[in-house]
Amino acid sequence: MYALVDCNNFYVSCERVFNPSLSYKPIVVLSNNNGCIIARSNEAKALNIPMGAPLHLYKEIIKKNNVIVYSSNYTLYGDMSSRVMNSFNYFVPDVEVYSIDEAFLNLQGFDNSIIYQKMVNMRKKVYQWTGIPVSIGLGPTKTLAKLANKIAKKYSDNGIYQITVSDQLTKILNDFNVEDIWGISKGCGNRLKKVGIYTALQLQRANPRHIRNCLSVVGERIVYELRGYPNLYLENDNVKKSITVSRSFENTVDDLPNLKKALANYIFRAAEKLRFQKGLCSGLCVFINTNRYRKKDLQYSNKGITIFDEPTNDTSLMIKRGFEVLQGIYRVKHNYKKIGVTLINFTINNKELSLKFPTMPGEKFIQGNLFSQSLLSQKKSNKFMKILDNINYRMGAGTIFYGSQGIKINLKNKKISGPLDYYKSKSFTTNWQELPKVN
DNA sequence: TCTGGGGTCCTAGGACCC
DNA sequence: TCTGGGGTCCTAGGACCC
């Protein structure tokens, strides 16, 4: 079983911890440059102020209802976040910090009969220790725990809700639209509607292969997750695979010296984060944008990448190379609104943090993405279909290699697995004849 | 006037080799 | 309808998430 613990109105709750008089009052917290509303108290939500709303469109409502407005204080939120996350460890060892205000807990190994009460205790203690109220969703998969959390927030008296695979699940899924499911965005929802799938229940009962055509392997995994078969696992290695620092300017900037000044600052901070996770990076990407909302203005956005000779965490080298990239993508006569840097290609303890599948030197294998539509549509797809018929293709997020020796499947980041033994291995090799038949 | 910042993963398909 | 076929490596860009 999994739990998804989510802090209620996190940024607002943080402000309230240090100013209890804010309780029960409508509050919003703003983004950088006070541009957008990125957190709302329940009272503010009741005023129909949406998430991410531009502040200037809601000035009137805010004034009329005496909504208290805060600029964001990320130092405070980050600090509070680690206090909350650390407190989970007191109850459960296996924790994935999913975002600043959310964590998945792996409850495998705990007796089912005590889990609910354990969560009740944890919730109480977290509030006692940190002052932050949390909601907890429980379910047999991450996706269902996410859904349970949604219900807990809305309908549960004690902030906890548990989903089990039963009639209850059927009823719940029937009540939710596909877009309410974690991982199904509006775009995916529209694609599903075109094939007649509107509710979460319809999605759960759909043919996984059919959903794969529609939404790729990502959607297919969700189908299994909704049925209660875990396809997504805890990721708690706590190591980032890319680090970005970027900001919008309060006003636009058009000259290179000022862009450089900002960029140097951001690279400095990105390098700090990199050293914090004791890693090196092999490259960086600099990007700049004009103000995309000003449709009348001349628009320009570009990015440039540089790769270092060897992995480094040397700030001054990164800044020097970052400047070179900036000079390459900088164009005069543009009013820039945003600039940023992303560090890429990380190495930790001399090991590359691969974003790609490992290649296999010396092996004569054909490589192709298991779910590549183009491959499937081509003539050679017949060969792939043969394989797909023989293995359970829902392990899909890997690369499949095959040749005279047999086939080999690499699973990415050990995340994909299933009920069969070989799913659990990182790679899988066998002769054609030995391929297991899967229903 | 005023519209955030930071992530992850998957796929298509280009480029180049024989 | 097809335009040689197979193999390898890489990356831009799209989607989705908070």
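Throughout, a chain's letter reflects where its sequence line sits, starting with A, and its residues are numbered from 1.
- Spacing between atom CD1 of A:Ile181 and atom P of C:dC16 amounts to 15 Å, rounded to whole angstrom units.
- A:Asn9 and A:Ser41 share no donor-acceptor pair across their side chains, judged by distance under 3.5 Å alone.
- For the C1' atom pair drawn from B:dG4 and C:dC17, the interatomic distance equals 15 Å after rounding to whole Å.
- Ring centroid separation for the pair A:Tyr77 and A:Tyr11 comes in under the 6.0 Å cut-off.
- Put simply, CD on A:Glu60 is 15 Å from C1' on B:dC2, counting in whole angstrom units.
- Distances shown here put every side-chain N or O of A:Lys240 at or beyond 4.0 Å from the OP1 or OP2 atom of B:dT8.
- The six-membered or imidazole ring of A:Trp182 lies near that of A:Phe104, with a centre-to-centre distance under 6.0 Å.
- B:dT1 sits 33 Å from C:dC16 when the C1' atoms are compared, rounded to a whole Å.
- For A:Arg294 and B:dC2, the shortest distance from a side-chain N or O to OP1 or OP2 is below 4.0 Å.
- Contacts of A:Lys146 with the nucleic acid, taken as non-hydrogen atoms under 4.0 Å apart, involve only primed sugar atoms and P, OP1 or OP2.
- Each of A:Ser242 and A:Asn34 was assigned the nucleotide of DNA chain B with the nearest heavy atom; the assignment lying further toward the 5' end belongs to A:Asn34.
- Judged by Watson-Crick or G-U wobble contacts below 3.5 Å, the nucleotide B:dC18 has C:dG5 as its partner.
- Checking C:dC17, B:dG5, B:dT8 against the side-chain heavy atoms of A:Ser185 singles out C:dC17 as nearest.
- Within the structure, a side-chain polar atom (N or O) of A:Arg292 is placed less than 4.0 Å from OP1 or OP2 of B:dG4.
- Summarising the geometry, the separation between CH2 on A:Trp182 and C1' on B:dG7 is reported as 13 Å, rounded to the nearest angstrom.
- Checking C:dC17, B:dC10, B:dT3 against the side-chain heavy atoms of A:His56 singles out B:dT3 as nearest.
- If you check every strand for non-hydrogen atoms under 4.0 Å, A:Asp101 touches sugar and phosphate atoms only.
- Separating the CG atom of A:Asp297 from the C1' atom of B:dC2 is a distance of 14 Å, rounded to the nearest angstrom.
- Side-chain proximity of A:Lys337 to the nucleotides B:dG5, B:dG7, B:dT3 is greatest for B:dT3.
- As judged by a 4.0 angstrom heavy-atom cut-off over every strand, A:Leu30 is placed among residues making no nucleic acid contact.
- Distance from the side chain of A:Ser248 is smallest to B:dG5 among B:dG5, B:dT8, C:dC18.
- The phosphate of C:dC18 (OP1 or OP2) has no side-chain N or O of A:Tyr77 nearer than 4.0 angstrom.
- Regarding A:Glu235, its CD atom lies at a distance of 14 Å from the C1' atom of C:dC18, rounded to whole Å.
- Remark: A:Lys63 does not engage A:Glu60 in a salt bridge, criterion side-chain N to carboxylate O under 4.0 Å.
- In terms of heavy-atom proximity, A:Asp94 sits nearest to A:Leu234 at O-CD2, 3.3 Å.
- The listed nucleotides are C:dC18, C:dC16, B:dG5; the one nearest the side chain of A:Ser246 is B:dG5.
- Residue-to-nucleotide proximity on DNA chain B shows that, of A:Gly35 and A:Thr244, the 5′-proximal contact is made by A:Gly35.
- Considering only side-chain atoms of A:Lys241, the nucleotide from B:dC2, B:dT8, B:dT3 that sits closest is B:dT8.
- Counting any heavy atom pair closer than 4.0 Å across all strands shown, A:Ile305 reaches sugar-phosphate atoms only and no base atom.
- Regarding A:Asn345, its CG atom lies at a distance of 8 Å from the P atom of C:dT11, rounded to whole Å.
- Here A:Arg247 reaches the OP1 or OP2 of B:dG6: one of its side-chain N or O atoms lies under 4.0 Å away.
- Within the nucleic acid shown, A:Tyr98 comes within 4.0 Å of sugar-phosphate atoms alone, with no base atom in reach, counting heavy atoms only.
- Comparing C:dC18, B:dG4, B:dT8 against the side chain of A:Asn32 picks out B:dG4 as the nearest.
- One finds no side-chain N or O of A:Arg191 lying less than 4.0 angstrom from the OP1 or OP2 phosphate oxygen of C:dA15.
- Side chain of A:Cys188, nearest nucleotide from C:dC16, B:dG4, B:dT8: C:dC16.
- Atom P of nucleotide B:dG6 and atom CD1 of A:Ile339 are separated by 13 Å, given to the nearest angstrom.
- The residue A:Lys59 sits apart from the nucleic acid: no heavy atom pair falls under 4.0 Å.
- Among the heavy atoms of the strands, none lies under 4.0 Å from A:Ile100.
- When each of A:Lys146, A:Lys150, A:Lys153 is paired with A:Asp6, the salt bridge (Lys or Arg N to Asp or Glu O under 4.0 Å) condition holds for A:Lys153 and for no other.
- Looking only at atom types and distance, the side chain of A:Asp101 has a donor-acceptor partner in the side chain of A:Ser99 under 3.5 Å away.
- Of the possible polar contacts, one joining the A:Glu96 side chain to the A:Glu235 backbone as a donor-acceptor pair under 3.5 Å is found.
- Going from atom CG of A:Asn335 over to atom C1' of B:dT3 covers 17 Å, rounded to whole Å.
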